[in-house]
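Working notes for the structure below.
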Number of protein chains: 2
Amino acid sequence: MNSVFTGLSAFPLTPLKDDAVDEAAFVGLVERLAAAGADSVTALGSTGSYAYLAPEERARVARLAVEHAGGTPVFIGVGALRTSQVLAHVESAEAAGAAGVLLAPMTYQPLTEDDVFELFRAVTEHTELPVIVYDNPGTTRFTFSTELYARIARLPGVASIKIPGVPADPTKAREHVAAIRATVPEHVTIGVSGDASAATGLSAGCDAWYSVIGGTLPGPAITITRAALDGRPDDATAESERLAPLWDLFAEFGGSLRVVAAIAEHLGLASTRCLPLPIQGLTDAQRTRVAGIVDRLGLG
Amino acid sequence: MNSVFTGLSAFPLTPLKDDAVDEAAFVGLVERLAAAGADSVTALGSTGSYAYLAPEERARVARLAVEHAGGTPVFIGVGALRTSQVLAHVESAEAAGAAGVLLAPMTYQPLTEDDVFELFRAVTEHTELPVIVYDNPGTTRFTFSTELYARIARLPGVASIKIPGVPADPTKAREHVAAIRATVPEHVTIGVSGDASAATGLSAGCDAWYSVIGGTLPGPAITITRAALDGRPDDATAESERLAPLWDLFAEFGGSLRVVAAIAEHLGLASTRCLPLPIQGLTDAQRTRVAGIVDRLGLG
């Protein structure tokens, strides 16, 4: 197992200001994650709006992330609709000094399993950097089968698989993770995403948490991760349940991105309206609810 | 009603060769459509792989389309994930001399109705060019409500709505088109897409056909369009039924794009493997079936 791809990987926003990357805000987020002790930082994940940024913006963000992570390993999202664009982003990540790349099979035209396999093959043949397989059907609309996980995980260079949320029932979660574990090589780590199910996923055998909330509020994410991986599942569950009002907002407001952006804006970590248009973000009434929960839970 | 946005709008592929736009092949397709008598050419639609091309490639394709359409009106697809990118594509379309722009709400993060409305407002405020609202849930994963059609269609500058396929039953198709017609201003045309239902849609009251097959095989698409709009629905249906083996392949092979690319390659209108990777296109066995049908129907 590659231990760089374990523990808490925190996904910072890439805040915008006047339709340009707000470099000061981004650097502040990265420094905050490194100072808090995240095991890694994944810049330009879905939370980091990679899909919305131009190649030169992405190259710049990758460099800033590595420069300001203070030795914490940095993974860079390299997804794009066209294979040649992906390879160019991989080269930017290499030039920045990334410790790995995160690749989601973005789609416009739906892709076949063979299309996606060949994409991962092209990337692993193009770089020495370890590759994280990014399974995020909510944004890519591509659903991996367990068989495809297995095919891709056998490619040299694949280091980890970022899976969507696991079942809420601990036994079912353990069976789900075990079924994936059984099909992929031992050295490939399995990381859970879907913040609401992270405590369950880590306690069910996942090696890592690829975390949205950890990119803005690293403290509680580290608490959950350490408890689960140190064999204190009840402590992990307790901290996750304390954050349940946030998970409820993720569900109610159509996902995590708009909520974490509102949190970052409320805490002064990003300017207002920091998401790329046409994503307008939450309404004022929704923001008030988010701020109230952040303050009540003492997350500020 | 704006008559430029009626009749057959033919959507050419943007064939690639060695991961670059195959300009000779693209020009050949555009000239073929103009010579055949298409009422308009829509370059850089979904069939034209707009989502996969870099801004400079798209600007070049827009210029080539207008230059080689011989006076046939050219519409240009301007969709992108970020509003500022869309506006830049609109400016390229204006510079090229386009007669209109086609805008699909591309998504990575799912969009709200307000997000999409504001995107269309930003575009209509940015340009004097007429705008075609592009509703293609199979690629954008955004579903327009009839209410949203109505809100957007009232924006100054909106000229047409490209709707997905209509119900196969003629009465239901007429009711469906009438329901949309009732909510949008008189001057906004309604164009059907989903080639298999084009004859039904045109006979049910649609003003235009935004046609995939028409971009590669304009002849039969013109036959269907003229028959339907001249009040000969049985002739339109007969020609559409003659092409049913193609519609069946669209359904079997996951959409129209891979099939029309194979047709263009079979007819020597594009080099082999002309789609942008990671889209590999059809397998050899699938291509053989496509070629057999094209030859049997005398479409070469």
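Letters A, B, ... are given to chains in the order of the sequence lines, protein chains preceding strands, and every chain is numbered from 1.
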Q: Say whether A/Ser49 and B/Arg82, considering side chains only, have a donor N or O and an acceptor N or O under 3.5 Å apart.
A: no
Q: Heavy atoms only: give me the nearest A/Thr139-B/Tyr108 pair and the separation to one decimal.
A: OG1-OH, 3.1 Å
Q | Which atom of B/Ala51 lies closest to which atom of A/Leu81, heavy atoms considered | A | O-CD1, 3.2 Å
Q: Under 4.5 Å, counting heavy-atom pairs only, tell me which of A/Thr140, A/Asn136, A/Leu119, A/Thr107 racks up the most with chain B.
A: A/Thr107
(Q) Which residues in residues 253-262 of chain B have any heavy atom closer than 4.5 Å to a heavy atom of chain A? (A) B/Leu257, B/Arg258
**Q.** Proximity breakdown for B/Pro276 and chain A, heavy-atom pairs closer than 4.5 Å
**A.** side chain
Q: Can you see which heavy atom on B/Pro110 is nearest to which on A/Arg141, and at what distance?
A: CG-NH2, 3.8 Å
Q: Check whether B/Leu275 gets within reach of chain A through its side chain, its backbone, both or neither, counting any heavy atom under 4.5 Å.
A: neither
Q.
What part of A/Gln109 gets within 4.5 angstrom of chain B, counting heavy atoms only: side chain, backbone, both, or neither?
A. both
Q: Provide the closest heavy-atom pair for A/Pro278 versus B/Thr83 in the form atom of the first, atom of the second, distance.
A: N-OG1, 3.1 Å
Q) What do you reckon, is CD of A/Glu252 surrounded by more than 12 foreign heavy atoms closer than 6.0 Å? A) yes
(Q) Sort by residue number and list every residue of residues 279-291 of chain A having at least one heavy atom under 4.5 Å from chain B. (A) A/Ile279, A/Gln280
Q | Residue selection (most heavy-atom pairs with chain A, distance under 4.5 Å) from B/Asp115, B/Asp114, B/Leu277 | A | B/Asp115
**Q.** B/Leu87 portion near chain A, given a 4.5 angstrom heavy-atom threshold
**A.** neither
Q. What part of A/Tyr50 is in contact with chain B, defined as an atom under 4.5 angstrom from a non-hydrogen atom: side chain, backbone, both or neither?
A. side chain
Q) Atom OG of B/Ser84 and atom CG of A/Asp18: how far apart are they, to the nearest 0.5 Å? A) 11.5 Å
Q: Taking atom CD of B/Glu56 as the centre, report whether more than 12 heavy atoms of other residues, nucleotides or ligands fall under 6.0 Å from it.
A: yes
